[in-house]
2 protein chains.
Amino acid sequence: MRSNDLSEIRKLDLFKDMQDESYDTLMRGAYVQNFPPQVELITEGEFCDFLYILVEGSVELVGEWNDSETTMAIIQPVSTFILAAAVKDAPCLMSARTLEKSRLVFLPSTDVRAGIEADNAFARAVVEDLAKCYRGVIKNAKGLKLRTSIERLANYLLKHQKKAGGAARFQLAIEKRRLASYLGMTPENLSRAIKSLRPYGVVIDGAQVEIADNADLTVLAKPTPLIDDSQM
Amino acid sequence: MRSNDLSEIRKLDLFKDMQDESYDTLMRGAYVQNFPPQVELITEGEFCDFLYILVEGSVELVGEWNDSETTMAIIQPVSTFILAAAVKDAPCLMSARTLEKSRLVFLPSTDVRAGIEADNAFARAVVEDLAKCYRGVIKNAKGLKLRTSIERLANYLLKHQKKAGGAARFQLAIEKRRLASYLGMTPENLSRAIKSLRPYGVVIDGAQVEIADNADLTVLAKPTPLIDDSQM
DNA sequence: GAAAAACCTTGATCTAAATCAAGTTGTCGA
DNA sequence: TCGACAACTTGATTTAGATCAAGGTTTTTC
């Protein structure tokens, strides 16, 4: 494993308070692998024997039912995913596939569970992380049930503008069809939703987003930390 | 606190593996309170200083946005709720209100966090519980994004038939308007959705549900443990 | 036990969003 | 650089579900 990867991983909230000894033990069983785009890393319904850490690239988590699928989340580096399935030793509820060329670290989930047992600081970090994930999905579900698709799009744009540094112009990190699926709409409807934000000063050309005045957009979006803040 | 309540609580997955000592310490700070129906126990957005345990009655968790609200979950005894907000010491993402006369136990969340630190078995149980909650919401979100409201209703009925013992007749545990909100539809639409299940052998009269042949309903519902199983 | 309130149902209408069907633009590999 | 393929857009149409407006029940309250 690259030493740079290792130090990035160590900085993650999940690992940063671990004792050196248990961290080393955990990482001893880890291995790294590179993948091309569009590789299915995890298949929904199968048990997965690893906690995954995305070090470079991006990964999509999708839910499936009745021959259709929906994007549940898009993972950006550096972060872990499927922690819940790993600690419970349960079948994965989502498939995972690489969107770009990606580098991943695999931690055997038995080692993760052993780490929880051996190191209380790690156990507490897992608690924190799961609580955060749980709250993230609750926010998502609130958005789905309480907002229209245009409102979801407007809030997505405001949130990612902030994440991209707050400038009036920024790039969409993902393809539009995936954004549509993530927001719970069709690609056709996303196109139309984007058009309907024109009067609020939003222009999207390719991946380039421009928000003329985000106060205007905020009037429509009505963001609230209880749905839109990913840091709490 | 009634000794019967105490022993029921001790049996919960969250507490059953705790050391006696840390369990006793945790329960020393606990207190019980009875509430009439329709009492707001928790207000969305406020910090909440307790982990709640519902011992008797029922409690609704609702999400709010832009002057409308949606039922996110309905808690039946004996179970805990808002564990995530309690361990994170973060503002609640949902309000909670009693639906019936209810008895609740309050555990100060500082004591819960202390318990996690002091007792690794408890920390692991919290991990398990949060992972289960997380997976529950993921399943919910999958249902919302991948199914129509009629399909959600059909699966709800099959799931609760099983929970009620599997007989052809059983009672709805909650009012229809709340069921509608929980399933992400209006009361009017729930009425119509119920009618549309008539050809699949479903008759609902008041709170009484009858499913003539649940194989018929299963054809429509297409349940899968990856969405509908609450025990994994 | 009657009046009031809350809940549920039904029908009519409207709206958000999906689907279908072409085009158009953009990307990538030979 | 061209051709092929995938992604995106646009318009027309359909459909799922919301809203509006009455009624009809059941439950609560006095």
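Lettering of chains follows the sequences in order, A, B, ..., and the numbering in each one begins at 1.
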From [atom1] of [X] over to [atom2] of [N], roughly how many Å is that when rounded to an integer?
X	N	atom1	atom2	value
B/L183	C/dC8	CG	P	13 Å
B/I204	C/dT9	CD1	C1'	13 Å
B/R178	C/dC8	CZ	C1'	14 Å
B/R198	C/dT10	CZ	P	13 Å

Practice prompt. Taking B/S109 for its side chain and B/D49 for its backbone only, find out whether a donor-acceptor pair lies under 3.5 Å.
Written response: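 Yes.
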Worksheet item: Knowing that exactly one of B/L41, B/I53, B/I75 qualifies, which makes a side-chain contact (heavy atoms from CB on, under 4.5 Å) with B/L104?
Response: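 That would be B/L41.
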Worksheet item: Could you give the start and end, 5' to 3', of the contact zone on DNA chain D for chain A, using atoms under 4.0 Å from its heavy atoms?
Response: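 So the outermost contacting nucleotides come out as D/dA7 to D/dA12.
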Discussion item. Are B/L158 and B/D228 packed together at the side-chain level, in the sense that at least one heavy-atom pair is separated by less than 4.5 angstrom?
Written reply: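 B/L158 vs B/D228: side chains apart.
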Interatomic distance, [X] atom [atom1] to [Y] atom [atom2] [nearest 0.5 angstrom]:
X	Y	atom1	atom2	value
B/N34	B/E56	CG	CD	8.0 Å
A/K145	B/Y182	NZ	OH	7.5 Å
A/E151	A/L183	CD	CG	12.5 Å
A/N214	A/L157	CG	CG	11.0 Å

Could you list, one pair per line, each protein nitrogen or oxygen that sits under 3.5 Å from a nitrogen or oxygen of nucleotides 14-23 of chain C, together with the distance?
residue: C/dA17; atom: OP1; partner: A/S149; partner atom: N; Å: 2.9
residue: C/dA17; atom: OP1; partner: A/S149; partner atom: OG; Å: 3.4
residue: C/dA17; atom: OP2; partner: A/S149; partner atom: OG; Å: 3.0
residue: C/dA18; atom: OP2; partner: A/T186; partner atom: N; Å: 3.3
residue: C/dA18; atom: OP2; partner: A/T186; partner atom: OG1; Å: 3.4
residue: C/dA18; atom: OP2; partner: A/N189; partner atom: ND2; Å: 2.7
residue: C/dA18; atom: N7; partner: A/N189; partner atom: ND2; Å: 3.4
residue: C/dT19; atom: O4; partner: A/R192; partner atom: NH2; Å: 2.8
residue: C/dC20; atom: N4; partner: A/E188; partner atom: OE2; Å: 3.2

Fill in: Option among B/E60, B/E69, B/E100 that satisfies the salt bridge (charged side-chain N to carboxylate O under 4.0 Å, His left out) test with B/R178
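By the salt bridge (charged side-chain N to carboxylate O under 4.0 Å, His left out) criterion, B/R178 pairs with just one of B/E60, B/E69, B/E100: B/E60.
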